[in-house]
Amino acid sequence: MDLKLSGKRAIVTGASKGIGFAIARGLAAEGVDVVLAARSAEPLEAAARQLAEQTGRRIIAVPTDTGDDEQVRALVERTVAGLGGVDILVNSAATPWSAGAVSGLADTTDDVVRHEVEIKVLGYLRTARAVAPHFVEQGWGRIINISGLGARQANSIAQTIRNVGVSALTKNLADELGPKGVNVTVVHPGLTRTERLTQRLTDKAAESGATIEALEAEITKNSVNRIIDAEEVADVVTFLASPRSIALTGDAIAAGGGVPGPVYY
């Protein structure tokens with residue numbers, strides 16, 4: 001299937017590693033020129049060099065803290081100046097969620113929730129607000145927000161709030177921008193194989209003597225009975241970023257290999 005992405009221009013936040021980097025690579029492989037955004041300049045620039053060498057596309061690194069509205073607006077301005085415009089926004093910047101993070105009511109302070117919402121909800125709002133005028137003017141655009149299956153589980157107050165917040169933002173944007181040619185979707189990854197997970201399991205294997213395969217089997221709880229790779233999440237996002245995805249907007253796409261049991265409709 002020709003995704004009709006060749007020549008499109010994208011911004012991917014949280015793109016120096018993990019799911020964000022995999023998404024940027026997936027888009028570039030389909031002929032998209034990509035601006036990578038993340039807070040730390042050195043790993044971001046290394047990621048940009050790697051993608052440019054692998055794909056031959058224009059890849060620009062723009063260090064950006066999406067917690068700062070001025071930096072977000074500068075990111076979009078730099079993209080338009082460097083690529084001649086912008087067609088796709090993928091929001092993937094977020095502080096990593098740790099299994100050991102606070103979850104109960106007594107430990108969930110105001111600051112814990114503010115910290116989670118600041119980047120993953122308000123950060124996504126800032127980037128969407130900055131690119132929307134460009135999308136509306138050209139009558140076409142795609143916004144894909146990366147959230148998480150934590151939106152469907154009451155494991156932690158702060159985690160659930162931030163992920164549900166992304167879904168709520170997505171639906172509001174989809175309804176407002178849809179008539180103007182802009183589709184907005186949210187993707188919920190589950191447990192995903194990234195550099196961070198691989199390192200965590202490698203460290204645990206060294207401590208316990210167990211194999212990485214055995215440790216993965218212990219934590220895999222999805223329907224396909226294996227951990228989903230970041231590249232497989234990126235495949236879903238790449239389709240959603242394409243003109244082929246016109247029938248999908250405002251909805252949440254689960255990309256975790258299936259949740260056994262519940263029926264979502």
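Separation of atoms CD (E53) and CD (Q50) is listed at 8.0 Å; rounding is to 0.5 Å. We find the CG-CZ distance between D229 and R193 to be 4.5 Å, quoted to the nearest 0.5 Å. In this structure, I227 CD1 and L197 CG are separated by 5.0 Å, a value rounded to the nearest 0.5 Å. Note that the OG1 atom of T127 and the CZ atom of R129 stand 9.0 Å from one another [nearest 0.5 Å]. In this structure, OG1 in T185 is found 12.0 Å from NZ in K171, a value given to the nearest 0.5 Å. L44 contributes atom CG, which lies 11.0 Å from atom CD of E42 (distance to the nearest 0.5 angstrom).
Closest of all the heavy-atom pairs between A130 and V72 is CB-CG1, 4.1 Å. Counting all heavy atoms, side chain and backbone alike, L215 lies closest to L201 at CD1-O, 3.6 Å. Considering every non-hydrogen atom in both N91 and N145, the closest pair reads ND2-OD1, 2.9 Å. Residues G256 and L149 approach most closely at CA-CD1, 4.2 Å, considering heavy atoms. Residue Y124 comes nearest to I146 through the heavy atom pair OH-O, 2.7 Å, listed as atom of the first residue, atom of the second, then distance. When every heavy atom of S147 is checked against every heavy atom of V186, the shortest pair comes out as CB-CG2, 3.5 Å.
Annotation: side chain of R126 is not in contact with side chain of T66 (no heavy-atom distance under 4.5 Å). Here the side chains of D69 and R73 are in contact, with some heavy-atom distance below 4.5 Å. No side-chain heavy atom of R152 sits less than 4.5 Å from a side-chain heavy atom of V259. Using a 4.5 Å heavy-atom threshold, the side chains of T198 and T194 count as separate. Contact of the W140 side chain with the K180 side chain is not registered, since no non-hydrogen atoms from C-beta on lie closer than 4.5 Å. Between R25 and T238 there is no side-chain heavy-atom pair separated by less than 4.5 Å. At least one side-chain heavy atom of V112 sits less than 4.5 Å from a side-chain heavy atom of T109. Between L27 and V90, some side-chain heavy-atom pair lies under the 4.5 Å cut-off.
L240 and L5 fall within the same hydrophobic cluster, defined by Ile, Leu, Val, Met, Phe, Trp and Tyr side-chain heavy atoms under 4.5 Å apart, directly or through other members. Two different hydrophobic clusters hold V131 and I119 under the rule that ILVMFWY side chains link at heavy-atom gaps under 4.5 Å. Under the 4.5 Å side-chain contact rule for hydrophobic residues, L173 and V136 share a cluster. Residue I253 is grouped with residue V224 when hydrophobic side chains (ILVMFWY) are merged at heavy-atom distances under 4.5 angstrom, including chains of intermediate members. With hydrophobic clusters built from ILVMFWY side chains whose heavy atoms lie under 4.5 angstrom apart, V80 shares a cluster with L36.
Each of K120, Q153, H188, E116 was compared with N163 under the side chain to side chain donor-acceptor pair (under 3.5 Å) criterion, and only K120 meets it. Partner D33 forms a salt bridge (charged side-chain N to carboxylate O under 4.0 Å, His left out) with one of R57, K8, R9 and no other, that one being R57. Checked against I11 for a side chain to side chain contact (heavy atoms under 4.5 Å, CB included), the options V86, I143, I88 give a single hit: V86.
At least one donor-acceptor pair under 3.5 Å links the side chain of T192 to the backbone N or O of G190. Judged purely by atom type and a 3.5 angstrom limit, S40 has no side-chain atom pairing as donor or acceptor with the backbone of P43. Panel note: side chain S242, backbone F239; a donor-acceptor pair is recorded below 3.5 Å. Within the 3.5 Å criterion, the main-chain N or O of D65 finds a donor-acceptor partner in the side chain of Q71. Although no hydrogens or angles enter the test, the distance criterion places a donor-acceptor pair under 3.5 Å between the side chain of T13 and the main chain of A93. The closest donor-acceptor contact from the side chain of N183 to the backbone of R142 lies at 3.5 Å or more, if one exists at all. In terms of modelled atom types and a separation under 3.5 Å, the side chain of R244 and the main chain of D2 share a donor-acceptor contact. In terms of modelled atom types and a separation under 3.5 Å, the side chain of T64 and the main chain of V62 share a donor-acceptor contact. A donor-acceptor pair is defined here as one N or O able to donate and one able to accept, closer than 3.5 Å; no such pair exists between the side chain of S245 and the backbone of A241. A distance-only check finds no donor-acceptor pair linking the side chain of N225 to the backbone of K221 [under 3.5 Å].
Judged by distance alone, the side chains of Q199 and D203 do bring a donor and an acceptor atom under 3.5 Å apart.
Around atom CD of E176, no more than 12 heavy atoms belonging to other residues, nucleotides or ligands sit under 6.0 Å away. Atom CD of Q54 sits in a crowded spot, with more than 12 heavy atoms from other residues, nucleotides or ligands closer than 6.0 Å.
Under a 4.5 Å side-chain heavy-atom cut-off, the cluster of Ile, Leu, Val, Met, Phe, Trp and Tyr residues that includes V164 has no other member.
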